[in-house]
Every structure is written in C-alpha cells, then in structure tokens.
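Report on one structure; see the data block that follows.
Keep in mind that the numbers below use all heavy atoms, side chains included, and drop hydrogens, waters and symmetry copies.
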Amino acid sequence: MADGKRLVGHAGAVLLRRCADRTGLTDALVKVLPSSTVAGWRDRAGVLARLTVAIALGATNLSEAEQLQLHHRPLFGRSASDSTARRTLAALDETVLAKTAKVRARVRRHVWSAAPAAGRLSLADGGGQAADRLDRHRP
C-alpha cells in the first residue's frame, strides 16, 4: 500500500461511502443487523459499509481492509479492527442475509425511482446518453 501504486481508485472512496449513506442503505442496514447496547459495540452497518469500500479499493483480506480503513480514517472516522469485521461477517446468518437482500432491493428501487428523468441525470457525457446507458443496465 505504501508503494504508491493502485491509488487512483482511492479517489472514489468518499463517493462510495457517501452513496451508501445518502441512499439510506446504511440506516436501513442498522435496522436488520445485530446490535447491542454493550459499551464498545461497533455499529455493524458502518462496519459493513467501510468493509465494502475497502474491498472496492482492493483489499483482499480483513487485515488489508483494516489497513485501508486506517489510511482513510480522516474521511470515515474510527475503523473497525479485522476481528470486529470477522465477528460482523460471522453474524450474517441466513435470516440476516435475507433481510439485507430485502433492504438492498428496497434501496435500489428507491434510487432508480429517484433518477429516471433523463434531464435530472447529469453525468460527464451530457446526462441523456448516460441515462440511456443506465436504463439498459437497470435491474
């Protein structure tokens, strides 16, 4: 990581994390993931969101994910240790996975319903063309 290679993708880390928050995905996950009032308990939705960003940035294991989170600490706050990430993943049983799938589908529908007006989608190539491409790939 300190070799200066594979860093271009890091520029989008903030966008990925903010996207999860702004679309309501993080808050929706809070409601379906295990939680506790025990001191020191880490918000599992936040752990998953940061872990997802770390994977998108190239982390291939939990140790690398922890290091990437530490690197991006000024942007995302306190990182989860690899053991916290491991416990979070271990808690994802069939019931929780089914609930998270429903949450993701609901958020995905919300996002697509908020952006279909081609004029509202303003990407680098003019919006309309981008909207056409997105619609072809729409779930």
### Task
Apply side chain to side chain contact (heavy atoms under 4.5 Å, CB included) to the pair Q67 and L70, showing each step before the final yes or no.
CA-CA 5 Å; Q67 291 305 309; L70 287 171; 3.9 Å; yes
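- In this structure, the separation between CZ on R50 and CG on L57 is 13.5 Å, given to the nearest 0.5 Å.
- By the criterion of side-chain heavy atoms lying less than 4.5 angstrom apart, applied directly or through intervening Ile, Leu, Val, Met, Phe, Trp or Tyr residues, V103 is not grouped with V30; the two fall into different hydrophobic clusters.
- For G46 against R17, the heavy-atom pair with the smallest separation is CA-NH2, 4.1 Å.
- When only modelled atom types and interatomic distance are considered, D21 and T26 share a side-chain donor-acceptor pair under 3.5 Å.
- Distance CZ/R104 to CG/L29: 9.0 Å, rounded to 0.5 Å.
- A donor and an acceptor atom, one from each side chain of S83 and R86, are nowhere located under 3.5 Å apart.
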### Task
Show your reasoning for whether side chain to side chain contact (heavy atoms under 4.5 Å, CB included) applies to L25 and R108.
CA-CA 9 Å; L25 179 61; R108 186 180 303 118; over 6 Å; no
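- Atoms OG1 and CG, on T88 and L51 in that order, are 8.0 Å from each other to the nearest 0.5 Å.
- A28 approaches R106 most closely through the heavy-atom pair CB-NH2, 4.1 Å.
- At a threshold of 4.5 Å between non-hydrogen side-chain atoms, the residues K99 and K102 do not count as touching.
- Proximity of L33 to V47: side-chain heavy atoms (C-beta onward) are nowhere separated by under 4.5 Å.
- Heavy-atom minimum distance, L68 versus A54: CD1-O, 3.5 Å.
- With contacts defined as side-chain heavy-atom distances shorter than 4.5 Å, the pair T52/L16 does not qualify.
- Rounding to the nearest 0.5 Å places OG1 of T100 at 14.5 Å from CZ of R44.
- Atom CG of L15 sits about 11.0 Å away from atom CZ of R22, to the nearest 0.5 Å.
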